[in-house]
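Working notes for the structure below.
All heavy atoms count here, side chains included; hydrogens, waters and symmetry mates do not. Whatever order the structure lists ligands and atoms in, that order sets their numbers, starting from 1. Because the structure is predicted, anything quoted here is derived from the model rather than measured.
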Amino acid sequence: MIINGKEISLKIKDKIKKEVDQISKKYNRLPKLVVILVGDDQASQTYVRNKERASQYVGIESQVIRHDSSFSEEALLAEIRQLNQDDTVDGILVQLPLPAHIDEDKVLETIDSNKDVDGFHPDNVAKLFLGQQCPVPCTPKGMMVLLDEINYDLTGKEVVVIGRSHIVGKPVAMLCLQKNATVTIAHSKTKDLPKVCQRADILIVAIGKAKMINSDYIKEGAVVLDVGINRDENNRLCGDVDFDDVKDKVYAITPVPGGIGPMTVTMLLKNTLELFYQHNQ
Ligand code: GUN
């Protein structure tokens, strides 16, 4: 089975669109997301454009603030503090990575945890760890929705996550643990990675290396979620998984493009809407 993230995300976006339409009448204002982009990282520019387009599609008000790479940390923190105070703003997202002279931790801590649409604020990370309600990071949230869509019960299943980032690896491991899976987080220093991966009923791959995971890493009948967005030797988009090599061995797999990517953007809209409700309680 090829998991069609694009189609599933469209279905969810249409639901959000209807909801936004109704609430805008009831509350007399639209949910609003502010995205801050510092610098000219090509991938970030694309991601931010996708976020802007998706917001427009569902009717969420979106504002993208762009700064060149010399923008100071101090000015960025001041801008965030101002947005924290602005009652018309429901969600604040600072696109990562930031230029080297800006302290990422300081920036994420400065965002009001009640407007932290990425779920990256330490208070929200702690809540996720404790299993309390909080904005859940978008890519991991999207993966859990996809597993739900294919009616996959994680109870007692072996999950192997490759990658230990704060954005994907660590939070998705926590979410799988909450669903009663047995979770392993593997990374660049893991010994005998193919052997570790072979025990996975669900293999979550977030490495950032084009087509690194071939069928030697895959257990027959596994579910494979590919977070990678890379260019192959022909400059075509591809994942961290060698799709053609593993597709006949798996039970289900997300393609690149059209798998995890669209779900991430859609979960950002969902998180914005959830924060809007929270601010209007
Ligand atoms: N850069 C790559 N993924 C993400 C994400 O989910 N959120 C933010 N803010 N930056 C990112």
(Q) According to salt bridge (charged side-chain N to carboxylate O under 4.0 Å, His left out), does anything in residues 83-112 pair up with another residue at least two apart or in another chain? List the pairs. (A) Arg29-Asp90, Glu73-Lys106
Q) Mind checking whether Val256 and Cys238 have side chains closer than 4.5 Å, heavy atoms only? A) no
Got a list of side-chain donor-acceptor pairs under 3.5 Å for residues 201-211, not counting sequence neighbours?
from   : atom 1 : to     : atom 2 : distance (Å)
Asp201 : OD1    : Lys219 : NZ     : 2.8
Asp201 : OD2    : Glu158 : N      : 2.8

(Q) Could you check whether Asp245 and Ser215, counting side-chain N and O atoms only, form a donor-acceptor pair closer than 3.5 Å? (A) yes
**Q.** Residues Lys270, Glu274: salt bridge by 4.0 Å N-O rule
**A.** yes
Q | ring-ring contact (aromatic ring centres under 6.0 Å, His included) partners of residues 207-252, not counting sequence neighbours, each pair once | A | none
Give a table of atom pairs where an N or O of ligand 1 lies under 3.5 Å from a protein N or O.
from     : atom 1 : to     : atom 2 : distance (Å)
ligand 1 : 1 (N)  : Gln95  : NE2    : 3.2
ligand 1 : 1 (N)  : Leu96  : O      : 2.9
ligand 1 : 7 (N)  : Asp118 : OD1    : 3.1
ligand 1 : 7 (N)  : Asp118 : OD2    : 3.3
ligand 1 : 9 (N)  : Val94  : O      : 2.9
ligand 1 : 9 (N)  : Asp118 : OD2    : 2.6
ligand 1 : 10 (N) : Leu96  : N      : 3.0

